[in-house]
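Okay, structure first, notes after.
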Amino acid sequence: KNARRTGGRARIPAILDPISQQLTYDDERIAAIFTLHHQSKTDDVTVNEETDPELHSPLMNEVAHKYGINLQEVFPPQPDDVEREVTITMKKLKSLVTGLKADTAPGKSGLDK
């Protein structure tokens, strides 16, 4: 809510650094801590994207097997995007960009309940 009133800018003045266990006030270090925390939640270390650009995650397969989910049915093979060329007019592109939200993340914000 505060970010909305400050023109979309929110600042966290200090955070506990997980390495030094001391408060840090450095904006760049705070951003790095949040980046590493987010990556630890979203990255699958069992996938090597350089050798296997398609997602074949042993962890995802293990979870799917545990819950009886057939990944081939949930995620059927898709035609390769490079097989066809995509074109868009400048007018349409400008319309898409100007229609983006400026002060919130995409998707439901919780304010429209």
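Counting begins at 1 with the first residue of the sequence. Keep in mind the model is a prediction, meaning the values are calculated, not measured.
Between the CZ atom of R29 and the CZ atom of F34 there is a distance of 11.5 Å, given to the nearest 0.5 Å. Separating the CD1 atom in I69 from the CG atom in N61 is a distance of 11.0 Å, to the nearest 0.5 Å. How far CD1 of I88 is from CG of L93: 5.0 Å, rounded to the nearest 0.5 Å.
Contact annotation: the side chain of T35 never approaches that of H38 to less than 4.5 Å [non-hydrogen atoms, C-beta and beyond].
Atom CD of Q39 has more than 12 heavy atoms from other residues, nucleotides or ligands within 6.0 Å.
For the residue pair P13 and Y25, the shortest heavy atom distance occurs at O-CD2, 3.4 Å. Here the closest heavy-atom approach between residue A14 and residue L23 is recorded as CB-CD2, 4.4 Å. Among all heavy-atom pairs drawn from T24 and I33, the shortest one is CG2-CD1, 4.0 Å.
Linking Ile, Leu, Val, Met, Phe, Trp and Tyr whenever their side-chain heavy atoms come within less than 4.5 Å puts L96 and M90 in one cluster. In the hydrophobic clustering of ILVMFWY residues, with side-chain heavy atoms under 4.5 Å counting as a link, M60 and V74 come out together.
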